[in-house]
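Contents: one structure, followed by commentary.
A quick note: this is a predicted structure, and the numbers were derived from the prediction, not measured.
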Amino acid sequence: MKITASGYVYDGGTAPQHQQSCAFTTVYLSTDGTLYVAGRWGSSRDSLDGHPCLFASTDAGDRWEMRHDGLGQWHWDGGPGENKSLACTELIPGELTATSLLVDRSNPELPFINPRTQGLLPMRIIHSTSTDGGRTWSTPRAMDASPHLAASTCTHAIMQLPGGLLAQPYEHWKEYDDPEPAWPAARLRYSRDGGATWPEFTTVASHPANRLAYWDQRLAIHPDTGQLVAMFWTHDFARGEDIDVHIAWGSADGRDWSEPQGTGLPGQHCQPLALGGARLLAAYTHRRDPPGIRLSLSEDFGRTWDRGLDLMVYDSSAGTESGAGLSRSQKDLWSDMEAWRFGHPRAALLPTGEVFVVYYAGGDRVKSARWARLSLE
């Protein structure tokens, strides 16, 4: 693997204050060849001015146009609301459908994470559509995730499965004032009517003893068999430490899943990308020294990884990441998340056979959306 080009989608260092901190980056390659990159921008990682922006490139990343600046445009029941990102796909060619996480910001004194319970502010998974390339968006429609409380999309778009079945990946934690321990799980929600209703769900991963958390599931589809694969940032509650990225394989309809197993990849957020045949690329965040964004390649759909071919897409020069390699309480881990300087890698396979990777990166205050294009040969 070799990087052939790189740059900024949007440079936070030259942006107005409300767009100087980027996170939750996503990427989508549309049927007409346009690359769409979205994320959550704000004056800081947890700020009341948090909002989504969407950028588009028609030349594989060399030039970018801002299509949507969502500052002040997204609301919670008529009051202040924070939209964490716009994870796009096309259910109909030419029409973007975005999955977002909408957060209740009606009480400006409350942080997103309760420092006493580690519960989360009220949230809704919402879907909206755009017919003008992401410039304007329809009134959002909430997805009913009951009985799962504090449900989050992990910035993952809707997936199209065989037979017209739609699947929305999500996870759940616990509500803001809940004093009990959380029991997280990764799940899929199903719709058979084009996204109007989502009555069914299945569990992708949940540790039976609640010893491990399978966070931020990200999925890919085998191009030949339709088999699903999910990769997880995996945390050991008893040790208070992240362990290696875990992986699970599912049936084409997502109903049946293997037990997650370790990959040996020492990372957190991890995006699998199907490259054709059984080749699978993993783009993941490596927090321990040396910190950065790494890529690993598998020739057997994630069962083994050729670490000798690993590529560092982004090499952080900002120093050791907060809490990296240490045993942490859940409260400390939330604090670490607010301080991390890079992350959320996502990837798309270009028609040329090259891979496009997007992520956020920067320093303690300014964090930009950045990209890299690479050859697999």
Side-chain angles (χ1 to χ4, degrees), residues 1 26-27 87 152-157 159 161 167-172 184-188 201-237 239 241-288 293-311 313 343-349 355 357 359 376:
M1 292 185 286
T26 67
V27 64
S152 166
T153 60
C154 317
T155 61
H156 204 303
M159 303 179 70
L161 303 183
Q168 175 63 68
Y170 70 107
E171 66 180 21
H172 57 89
R187 305 190 193 273
L188 292 177
F201 70 88
T202 193
T203 300
V204 177
S206 180
H207 195 273
N210 204 27
R211 184 175 64 83
L212 300 179
Y214 302 115
W215 285 331
D216 289 84
Q217 64 167 329
R218 292 177 180 174
L219 300 99
I221 301 175
H222 194 294
D224 300 326
T225 67
Q227 181 185 37
L228 300 181
V229 63
M231 300 185 78
F232 313 92
W233 168 9
T234 308
H235 185 77
D236 188 317
F237 285 127
R239 292 165 50 185
E241 295 178 350
D242 295 335
I243 57 177
D244 59 332
V245 172
H246 277 46
I247 190 170
W249 295 271
S251 56
D253 62 1
R255 300 289 187 180
D256 300 302
W257 287 89
S258 66
E259 181 180 348
Q261 65 184 51
T263 61
L265 304 179
Q268 292 180 334
H269 306 91
C270 182
Q271 172 69 62
L273 178 66
L275 300 175
R279 301 188 87 194
L280 189 70
L281 186 75
Y284 62 94
T285 303
H286 183 265
R287 293 271 169 229
R288 301 189 181 193
I293 304 291
R294 296 186 179 183
L295 302 181
S296 289
L297 188 63
S298 171
E299 299 289 351
D300 54 12
F301 212 54
R303 287 164 178 81
T304 61
W305 299 87
D306 188 347
R307 301 299 307 284
L309 298 177
D310 283 7
L311 178 68
V313 173
H344 294 124
R346 307 301 291 265
L349 182 62
V355 170
V357 180
Y359 55 94
L376 298 174

What residues form a side-chain contact (heavy atoms from CB on, under 4.5 Å) with [X], not counting sequence neighbours?
| X | answer |
| --- | --- |
| I221 | M159, L161, L228 |
| I243 | L212, T234, D236, R239, H246 |
| D300 | S298, R303, T304 |
| A185 | H172, R187, S206 |

### Task
Only counting residues at least two apart or in another chain, list the ones meeting salt bridge (charged side-chain N to carboxylate O under 4.0 Å, His left out) with D253.
none

### Message
List the residues meeting salt bridge (charged side-chain N to carboxylate O under 4.0 Å, His left out) with R288, not counting sequence neighbours, and say none if there are none.
### Response
none

Considering residues at least two apart in sequence or located in another chain, which fulfil the ring-ring contact (aromatic ring centres under 6.0 Å, His included) criterion with [X]?
| X | value |
| --- | --- |
| H269 | W233, H344 |
| H235 | W215, F237 |
| Y170 | H148 |

### Message
Show the nearest heavy-atom pair for residues P272 and M231, with the distance to one decimal.
### Response
CB-SD, 3.6 Å

### Query
What pairs meet the side-chain hydrogen bond (donor to acceptor under 3.5 Å, both in side chains) rule with one or both residues in residues 255-264, with sequence neighbours excluded?
E200-R255

### Pairing residues for T155 by the side-chain hydrogen bond (donor to acceptor under 3.5 Å, both in side chains) criterion, not counting sequence neighbours
R346

### Summary
residues 271-282 vs salt bridge (charged side-chain N to carboxylate O under 4.0 Å, His left out), sequence neighbours excluded, gives R279-E299

